[in-house]
**Q** 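Quick one: the structure is below, questions incoming.
Being a predicted model, the structure only gives us computed values, none of them experimental. For this chain, numbers begin at 1 and follow the sequence in order.
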Amino acid sequence: MKRLSALAIFLWLALPSLALAATSESGEEEFNPEHDFDPGEWVPIHIGPLDLSINKTVAYLILGTILTIALGLFLMRARIGSKNEVGRRQAVGEMIYDIAQTQVAEQGLPHKAIGRWFPYVTSLMLFIWVINMIGFIPLPLSNETFEIAGVELPTLAIYAATSSISVTLALALMTWTFTHVEGIRYNGTRKYFRSWIPDVPKAILPLIVPLEILGQFMRLISLSVRLYANMLAGHMLILTFIGLIFVLESVVVAVVAVPAAAAFYLFEVVIVVSIQAFIFAALSAIYIGSAIEPEH
């Protein structure tokens with residue numbers, strides 16, 4: 001069973017690159033891993049300067065949303081006291097709930113705000129985890145195509161929506177906005193913005209105040225770039241290792257490249273996917289909690 005699983009992983013990794021390599025037979029285009037990160041434009045929608053087109057990234061976000069809702073219903077709607085299968089579902093659901101409550105919400109949010117913001121940080125963690133995870137499952141949502149009996153079909157490819165800075169920035173912007181809205185709601189406008197100013201000698205306030213304001217905006221960077229960079233780097237490494245086989249046109253390279261790509265693949269799926277979802281949700285809870293109770 002382990003051998004079959006390993007073979008499946010290798011094939012999943014190789015299929016997207018094989019499809020891309022096939023386009024270079026005419027000599028017009030060579031393998032380039034950057035092609036997998038081009039979202040394309042499936043349904044063009046342009047409203048003035050705004051580009052609201054449906055593309056690969058949007059498709060992954062829609063799929064991730066559907067799967068997140070389905071996963072939540074599957075795990076959390078189990079009937080208590082049913083058979084073993086439902087019991088296992090219930091156990092997994094309770095484990096996720098416990099992690100979200102004790103390790104995310106309670107660590108960052110004050111007690112009075114848990115009821116309001118626990119659903120948000122939990123949904124955020126689960127959504128990012130699902131989006132990250134399906135990014136490592138080869139799906140026929142690629143911009144590249146191949147022909148079978150004259151019919152063009154999309155190739156299998158791995159792509160993470162969170163490897164797009166626009167996606168992670170939008171998620172970070174939600175948390176950043178909620179942070180300041182809650183800070184003002186709980187403390188009032190004057191008290192909340194005064195909490196940004198530390199208790200320091202007045203002489204150095206002109207230096208400290210701009211740094212504190214900049215620090216608030218840097219939270220957008222700390223949330224969005226961390227998730228974006230980790231997911232982009234993981235996919236680039238995997239595609240680059242597999243691409244070396246076709247760039248160098250040597251099967252011997254596969255002896256090193258495929259195991260290395262498989263190792264990075266497993267590292268990303270087993271560790272990075274979950275850690276990045278947890279960190280994003282935990283930091284969101286901390287930021288919102290610190291705005292509600294600035295003195296802490």
**Q** What closest approach, in Å, do H235 and A160 show between heavy atoms, and which atom pair accounts for it?
**A**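 Looking at all heavy atoms of both residues, the shortest contact is CE1-CB, 3.4 Å.
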**Q** With the side chain counted from C-beta on, respond yes when L237 and E268 share a heavy-atom pair under 4.5 Å apart, and no when they do not.
**A**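 L237 does not reach E268 side chain to side chain.
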**Q** Linking I/L/V/M/F/W/Y whenever their side-chain heavy atoms sit closer than 4.5 Å, directly or via other members, would V255 and V258 fall into one cluster?
**A**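 No; tracing contacts between hydrophobic side chains, which count when under 4.5 Å, never links both residues.
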**Q** More than 12 heavy atoms of other residues, nucleotides or ligands under 6.0 Å from CZ of R194: is that the case?
**A**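 Result for CZ/R194: open.
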**Q** Do you see a donor-acceptor pair shorter than 3.5 Å between the side chains of S53 and N55?
**A**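 There is no such pair between these side chains.
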**Q** Using 0.5 Å steps for rounding, measure from the CD atom of E293 to the NE2 atom of H111.
**A**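 So the CD of E293 and the NE2 of H111 are separated by 11.0 Å.
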**Q** If you round to the nearest 0.5 Å, how far is CG of L141 from CD1 of I158?
**A**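 Rounded to the nearest 0.5 Å, the CD1-CG separation comes to 13.0 Å.
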**Q** Using atom types as modelled and distance alone, determine if a side-chain donor or acceptor of Q107 lies under 3.5 Å from a backbone N or O of T102.
**A**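 Indeed, once roles are kept as given, a pair shorter than 3.5 Å links the two residues.
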**Q** Can you confirm whether or not the ring centre of F278 sits under 6.0 Å from the ring centre of W129?
**A**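 Ring-ring flag for F278/W129: false, centres at least 6.0 Å apart.
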**Q** Can you give me the closest heavy-atom contact between A203 and P206, atom names plus distance?
**A**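 Smallest heavy-atom distance, with atoms named: O-CD, 3.6 Å.
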**Q** Could you check if a side-chain atom of T122 sits within less than 4.5 angstrom of a side-chain atom of V104, using non-hydrogen atoms only?
**A**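 Not touching, per the 4.5 Å side-chain cut-off.
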**Q** Does atom CE (M174) have a neighbourhood of more than 12 heavy atoms from anything else shown, all under 6.0 Å?
**A**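 Counting other residues, nucleotides and ligands, CE of M174 exceeds 12 neighbours.
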**Q** Below 4.5 Å, heavy atoms only, C-beta onward: do I292 and K112 meet side chain to side chain?
**A**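 When only atoms from C-beta onward are counted, K112 and I292 do touch, with a gap below 4.5 Å.
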**Q** Using modelled atom types and a 3.5 Å cut-off, is there a donor and acceptor pairing between side-chain atoms of S290 and backbone atoms of Y287?
**A**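 Side chain of S290 to backbone of Y287, a donor-acceptor pair under 3.5 Å: yes, one is there.
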**Q** Sub-3.5 Å donor-acceptor pair from the side chain of S222 to the main-chain atoms of R219, do we have one?
**A**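 Yes; at least one donor-acceptor contact below 3.5 Å.
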**Q** Can you see which heavy atom on G93 is nearest to which on L75, and at what distance?
**A**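 Scanning both residues, the minimum pair turns out to be CA-CB, 4.0 Å.
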**Q** Determine the minimum heavy-atom distance between F136 and V273, stating which atoms define it.
**A**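 Closest heavy-atom pair between F136 and V273: CE1-CG2, 3.7 Å.
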**Q** For I131 versus A161, what's the shortest heavy-atom pair and its separation?
**A**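 Scanning both residues completely, I find the closest heavy atoms to be CG2-CB, 4.0 Å.
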**Q** Please determine whether residues I184 and W117 belong to a single hydrophobic cluster, defined as Ile, Leu, Val, Met, Phe, Trp and Tyr linked transitively by side-chain heavy-atom distances below 4.5 Å.
**A**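 No, I184 does not connect to W117 through the hydrophobic network.
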**Q** Fit a plane to each ring of F264 and F241, take the angle between them on a 0 to 90° scale, and name the class: parallel (under 30°), tilted (30 to 60°) or perpendicular (over 60°).
**A**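 Judged by the thresholds at 30° and 60°, the geometry between F264 and F241 is parallel.
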**Q** First locate atom CG of L61, then atom CD1 of I54, and finally report the distance between them rounded to the nearest 0.5 Å.
**A**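 So the gap between those two atoms works out to 10.0 Å.
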**Q** For Q216 and E212, test the side chains for any donor-to-acceptor distance below 3.5 angstrom and give the result as yes or no.
**A**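 Short answer, no.
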**Q** Angle between ring planes, Y97 versus F118, binned at 30° and 60°: parallel, tilted or perpendicular?
**A**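 Rings of Y97 and F118: perpendicular, as their planes differ by over 60°.
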**Q** Can you find a pair of side-chain heavy atoms, one from V225 and one from T168, that are under 4.5 Å apart?
**A**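 Not touching, per the 4.5 Å side-chain cut-off.
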**Q** Counting heavy atoms not belonging to H46, are there more than 12 under 6.0 Å from its NE2?
**A**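 Yes, enclosed.
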**Q** When clusters are formed by joining ILVMFWY residues with side-chain heavy atoms under 4.5 Å apart, either directly or through shared neighbours, do W176 and I128 land in the same one?
**A**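 W176 does not cluster with I128.
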**Q** State yes or no: do V272 and I137 share one hydrophobic cluster built from I, L, V, M, F, W and Y residues joined by side-chain heavy-atom distances below 4.5 Å, directly or via other members?
**A**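 Yes, because V272 and I137 connect within a single hydrophobic cluster, where side-chain heavy atoms sit under 4.5 Å apart.
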**Q** With a 4.5 Å limit on heavy-atom distance, are the side chains of S195 and N187 in contact?
**A**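 No; the side chains remain at least 4.5 Å from each other.
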**Q** For F280, does the six-membered ring have the charged nitrogen or CZ of R226 within the cation-pi criterion, i.e. under 6.0 angstrom from the centroid and within 45° of the normal?
**A**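 The answer is no; the distance or angle limit is not met.
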**Q** Could you tell me whether the side chain of Y228 reaches within less than 4.5 Å of the side chain of L171, counting heavy atoms only?
**A**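 A side-chain contact under 4.5 Å is absent here.
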**Q** Are L227 and V270 connected in a single hydrophobic cluster, I mean Ile/Leu/Val/Met/Phe/Trp/Tyr linked by side-chain heavy atoms less than 4.5 Å apart?
**A**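 Yes.
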**Q** Taking all non-hydrogen atoms of both residues, which atom of I114 and which atom of P119 are closest, and how far apart?
**A**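 Scanning both residues, the minimum pair turns out to be O-CD, 4.2 Å.
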**Q** Mark yes or no for whether Y159, through its side chain, and P39, through its backbone, hold a donor-acceptor pair below 3.5 Å.
**A**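 No, because the side chain of Y159 does not come within donor-acceptor range (under 3.5 Å) of the backbone of P39.
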**Q** Using only heavy-atom distances, determine whether the side chains of T162 and Y60 contain a donor-acceptor pair under 3.5 Å.
**A**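 Not at all, the side chains of T162 and Y60 share no donor-acceptor pair under 3.5 Å.
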**Q** Is the closest side-chain heavy-atom distance between Y192 and Y186 below 4.5 Å?
**A**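 A side-chain contact is absent here, since even the closest heavy-atom pair is not under 4.5 Å.
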**Q** S163 side chain to L232 main-chain N or O, any donor-acceptor pair under 3.5 Å?
**A**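 Not at all, since once roles are kept as given, no pair shorter than 3.5 Å links the two residues.
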**Q** Nearest 0.5 Å, please: how far is CD1 in I69 from CG in L71?
**A**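 One gets 11.0 Å once the value is rounded to the nearest 0.5 Å.
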**Q** Between atom CG of L109 and atom CD of E106, what is the distance when rounded to the nearest 0.5 Å?
**A**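 Atom-to-atom, L109:CG and E106:CD are 9.5 Å apart.
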**Q** Roughly how far, to the nearest 0.5 Å, is the CD1 atom of I62 from the OG1 atom of T57?
**A**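 If we round to the nearest 0.5 Å, T57:OG1 and I62:CD1 are 11.0 Å apart.
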**Q** Does any part of the side chain of L124, heavy atoms only, come nearer than 4.5 Å to the side chain of T175, both counted from C-beta?
**A**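 Of all side-chain heavy-atom pairs linking L124 with T175, at least one is under 4.5 Å.
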**Q** Working note: M133 + L67, criterion side chain to side chain contact (heavy atoms under 4.5 Å, CB included); need CA distance, chi angles, decisive distance, verdict.
**A** CA-CA 11 Å; M133 187 61 72; L67 291 178; over 6 Å; no
